Amino acid sequence: MRPVIDTISQSISAAIEKATGQKDASAMVTPATDAKFGDYQSNAAMGLAKQLKTNPRQLAEKIIAELEIDDICQEPEIAGAGFINLRLKSDFVAESLLKIKADKKLGIEKVKKPRTVVVDFSGPNIAKQMHVGHLRSTIIGDCICRMLELAGNKVIRQNHIGDWGTQFGVLVQHLYELSVFKKEDENLQSLEEAIDTLSIEDLEVFYREATEQYNLDDTFKKQARKRVVELHTHSEPLTLKLWEHIVDESRKNYQFIYDILGINLHKENERGESFYSEKLAGIVEDLKKLGLAEKSDGAICVFPEGFKNKEGEPLPFIIQKSDGAFLYATTDLAAIRYRINELKADKIIYVTDARQKLHFEMLFTVAKQAGWAKDTELVHITFGSVLGEDSKPLKTRSGENVKLKELLDEAVKRARGVVEEKNPDLSEDEKEKIARAVGIGAVKYADYCNNRTSDYIFSFDKMLAMDGNTAPYMQYAYARIKSIGRKGEEKGINIEKELKIVKKPYLGEDAELALAKQLIRYGEAFNCAIADFKPNFLTAYLFELAQKFSAFYNACPVLDASEDIRPTRLLLCELTAATIQHGMEDLLGIETIKRM
RNA sequence: GCGCUCGUAGCUCAGUAGGAUAGAGCGUCGGUUUCCUAAACCGAAGGUCACAGGUUCGAAUCCUGUCGGGCGUACCA
């Protein structure tokens with residue numbers, strides 16, 4: 001189903017062409033800035049008048065004279081400098097409601113040309129727990145995937161886990177040296193059993209200890225490097241086994257977090273650094289052959305066009321260190337080739353924090369210069385940092401990264417407190433279920449509702465507030481609608497049947513019409529959100545919907561309404577619930593709850 | 001130094017392509033409950049859009065400069 005705004009835009013563009021002969025002129029249609037101006041406005045006449053050196057109001061008159069839109073809108077009005085104001089006919093709104101009702105996707109339309117889109121997001125580090133620094137990439141990336149999929153694209157999720165590099169040689173060597181393994185060090189079976197008892201917390205401690213030792217102890221350093229070589233060459237089964245165990249143990253941690261957060265990422269989405277490790281030398285060779293890579297200060301570098309350092313000299317993109325090791329630049333290049341050649345990507349999206357902007361600009365330039373990404377669109381989607389109440393990056397009191405598990409546990413705990421207070425009579429199971437949905441939902445929703453590109457201040461109190469643009473507010477709106485349904489059934493109202501008999505919704509009350517107009521704009525909001533991958537457009541839409549529903553709920557009794565208007569009101573409830581549910585669950589991956 | 005990015009109400013933030021009197025939430029003040037969940041609703045006050053120029057019929061938005069914050073800037077990712 002096509003969004004109204006698109007239909008209006010097309011009509012106006014056509015009218016402009018008839019009035020002026022200008023082809024493909026932008027209709028400049030936006031939602032009205034103020035309800036008193038109507039529902040939509042076109043700002044096209046002003047810009048066009050300047051271009052054509054005529055009077056904007058007169059031009060607007062001419063456009064209106066040619067405008068064929070009376071099936072949708074009331075008589076257009078010209079206001080101010082030459083705005084064309086449009087107000088939807090309530091008959092049109094009513095018909096659209098029925099179309100939405102018949103559409104599983106509630107008015108979200110598919111793209112004309114589906115593409116294969118690779119989305120690289122989350123990317124946790126192995127041997128460490130997920131922390132707050134991974135939150136945004138993980139949930140924003142997931143939302144982007146959901147939107148692209150709903151729009152009909154083929155989406156390939158790629159989790160570029162950090163599972164390779166010197167640090168794993170260091171960690172493996174440390175594990176070898178731990179007394180618990182020493183005595184069994186010739187016995188593969190026992191060693192596997194021993195490491196099976198290691199938790200991710202143990203690994204984190206070992207990681208820290210190992211790094212310290214690496215920096216202090218030269219013998220250890222030598223051994224650790226040997227382990228790196230063993231990893232690279234697969235020459236020592238025990239070393240490989242240890243590494244695999246480390247990865248498996250880490251996966252348990254992040255898979256647990258993904259499941260809690262409702263993130264659609266699984267083992268099969270993993271293409272970590274190790275996956276590309278054997279392709280790196282080839283990358284460097286190929287770039288050398290192409291004449292793009294050269295040695296500089298001992299390192300192999302590409303100097304991509306258009307990048308300068310502090311002295312105004314070409315800026316290097318280092319693909320091999322002077323000690324021969326490869327870097328994430330090399331891995332990322334290998335990943336680009338894999339995604340284009342093997343995964344057949346038309347577009348690759350990277351979801352990382354804004355600090356990596358320069359890296360990706362250079363990476364994309366190199367890939368283009370090498371001719372590896374001729375027909376592939378490369379996009380870096382950035383986001384800001386999560387800050388604490390002190391406006392500094394969120395850390396624990398001791399200065400460590402806040403673990404995602406602890407953060408989410410705390411959110412659920414606080415939500416549980418609210419449930420206990422508001423609804424003490426619910427069963428334990430139900431309280432827990434609600435607390436989970438509200439707590440986790442609050443964290444995700446708070447992130448989504450901020451502009452992706454800016455930093456935001458993390459606050460449990462704000463995200464769990466019952467008022468304002470929060471998950472609990474949305475979930476409450478949904479629960480109230482569901483409650484109407486239950487009460488209706490209790491009263492013996494056959495809701496299914498009433499919904500079926502609505503042939504022409506009757507939108508007599510302002511609150512009904514306003515809610516209906518919001519409902520038919522879901523597809524439009526979706527298009528705005530996906531255009532720039534901005535989830536806050538979705539939350540803004542959903543919040544406005546919930547507000548309009550609340551106003552309706554207050555002004556218009558549903559179950560006690562007379563039988564001629566009750567079906568329409570039930571329909572409005574039904575569609576509001578469906579839209580909130582679709583938006584929260586299918587787009588944002590946040591649970592709705594029938595009771596709270 | 002150079003580059004990127006941000007500066008909007010007391011607070012947290014929106015602001016789609018340059019459009020009308022700059023919006024929302026919180027907080028503050030006032031009101032609403034014999035009625036489907038008041039975790040709600042309605043109303044009010046609150047602004048030099050960091051500052052100064054410029055382009056334009058029109059600028060929070062574009063350009064230049066200044067001030068202030070964050071980030072990045074050759075072998076971490």
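On a predicted model such as this, the values are computed, not experimentally measured, just so you know. Within every chain, numbering begins at 1; the chains are lettered A, B, ... in the order of the sequence lines, protein sequences first and strands thereafter.
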Is the distance from the ring center of [X] to that of [Y] below 6.0 Å?
{"X": "A:F83", "Y": "A:F37", "result": "no"}
{"X": "A:F275", "Y": "A:H160", "result": "no"}
{"X": "A:F549", "Y": "A:F552", "result": "yes"}
{"X": "A:F317", "Y": "A:F303", "result": "no"}

Is there a donor and acceptor pair, one atom on the side chain of [X] and one on the base of [N], closer than 3.5 Å?
{"X": "A:K392", "N": "B:rG70", "answer": "no"}
{"X": "A:D353", "N": "B:rA77", "answer": "no"}
{"X": "A:T30", "N": "B:rA17", "answer": "no"}

Which nucleotide in the list [options] gets nearest to the side chain of [X]?
{"X": "A:N451", "options": "B:rG15, B:rA77, B:rG19", "value": "B:rG15"}
{"X": "A:T33", "options": "B:rA24, B:rA20, B:rA77", "value": "B:rA20"}
{"X": "A:P31", "options": "B:rU16, B:rU73, B:rC75", "value": "B:rU16"}

For a quick check of understanding: with a heavy-atom distance under 4.0 Å over all strands, which category does [X] fall into, base, sugar-phosphate or nothing?
{"X": "A:K53", "value": "nothing"}
{"X": "A:A299", "value": "base"}
{"X": "A:A465", "value": "nothing"}
{"X": "A:C301", "value": "base"}
{"X": "A:T453", "value": "nothing"}
{"X": "A:Q547", "value": "sugar-phosphate"}
{"X": "A:S454", "value": "sugar-phosphate"}
{"X": "A:K50", "value": "base"}
{"X": "A:E273", "value": "sugar-phosphate"}
{"X": "A:G47", "value": "base"}

With distance as the sole criterion, is a donor-acceptor pair present between the side chains of [X] and [Y] under 3.5 Å?
{"X": "A:D332", "Y": "A:Y276", "result": "no"}
{"X": "A:N536", "Y": "A:Y448", "result": "no"}
{"X": "A:N451", "Y": "A:T453", "result": "yes"}
{"X": "A:Y541", "Y": "A:R521", "result": "no"}
{"X": "A:S550", "Y": "A:R480", "result": "yes"}
{"X": "A:T352", "Y": "A:H380", "result": "yes"}
{"X": "A:H359", "Y": "A:Y328", "result": "yes"}

Work out how far the [atom1] atom of [N] is from that of [M], and round it to whole angstrom.
{"N": "B:rC49", "M": "B:rA24", "atom1": "C1'", "result": "15 Å"}
{"N": "B:rG3", "M": "B:rG25", "atom1": "C1'", "result": "35 Å"}
{"N": "B:rA9", "M": "B:rG65", "atom1": "P", "result": "26 Å"}
{"N": "B:rC6", "M": "B:rU61", "atom1": "P", "result": "13 Å"}

Short side-chain N/O contact from A:N450 to OP1 or OP2 of B:rU12, under 4.0 Å: no
Below 4.0 Å: OP1/OP2 of B:rU16 and any side-chain N or O of A:N527: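 A:N527 to B:rU16 OP1/OP2: no side-chain N or O under 4.0 Å.
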Find the partner of [N]: check Watson-Crick (N1-N3 plus N6-O4 or O6-N4) and G-U wobble (N1-O2, O6-N3) distances, both under 3.5 Å, and reply none if neither fits.
{"N": "B:rG7", "value": "B:rC67"}
{"N": "B:rC41", "value": "B:rG31"}
{"N": "B:rG46", "value": "none"}

How would you summarise protein contacts on nucleotides 31-40 of chain B per nucleotide, using B for base, S for sugar-phosphate only and - for none, with heavy-atom distances below 4.0 Å? -----BBSBS
Both A:N536 and A:F326 contact RNA chain B. Which one's nearest nucleotide lies toward the 5' end?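 Of the two residues, A:N536 wins.
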Residue mapping more 5' on RNA chain B - nearest nucleotide basis, A:Q167 or A:A32: A:A32
RNA chain B-proximal residues of residues 455-464 of chain A, any heavy atom under 4.0 Å: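 Result for residues 455-464 of chain A: A:D455, A:Y456, A:I457, A:K462, sorted by number.
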Given atom [atom1] of [X] and atom [atom2] of [N], what is their separation to the nearest angstrom?
{"X": "A:N43", "N": "B:rA59", "atom1": "CG", "atom2": "C1'", "value": "14 Å"}
{"X": "A:N401", "N": "B:rA77", "atom1": "CG", "atom2": "P", "value": "17 Å"}
{"X": "A:R355", "N": "B:rG3", "atom1": "CZ", "atom2": "C1'", "value": "17 Å"}

Over 60° means perpendicular and under 30° means parallel, so tell me whether A:Y350 and A:F364 are parallel, tilted or perpendicular. tilted
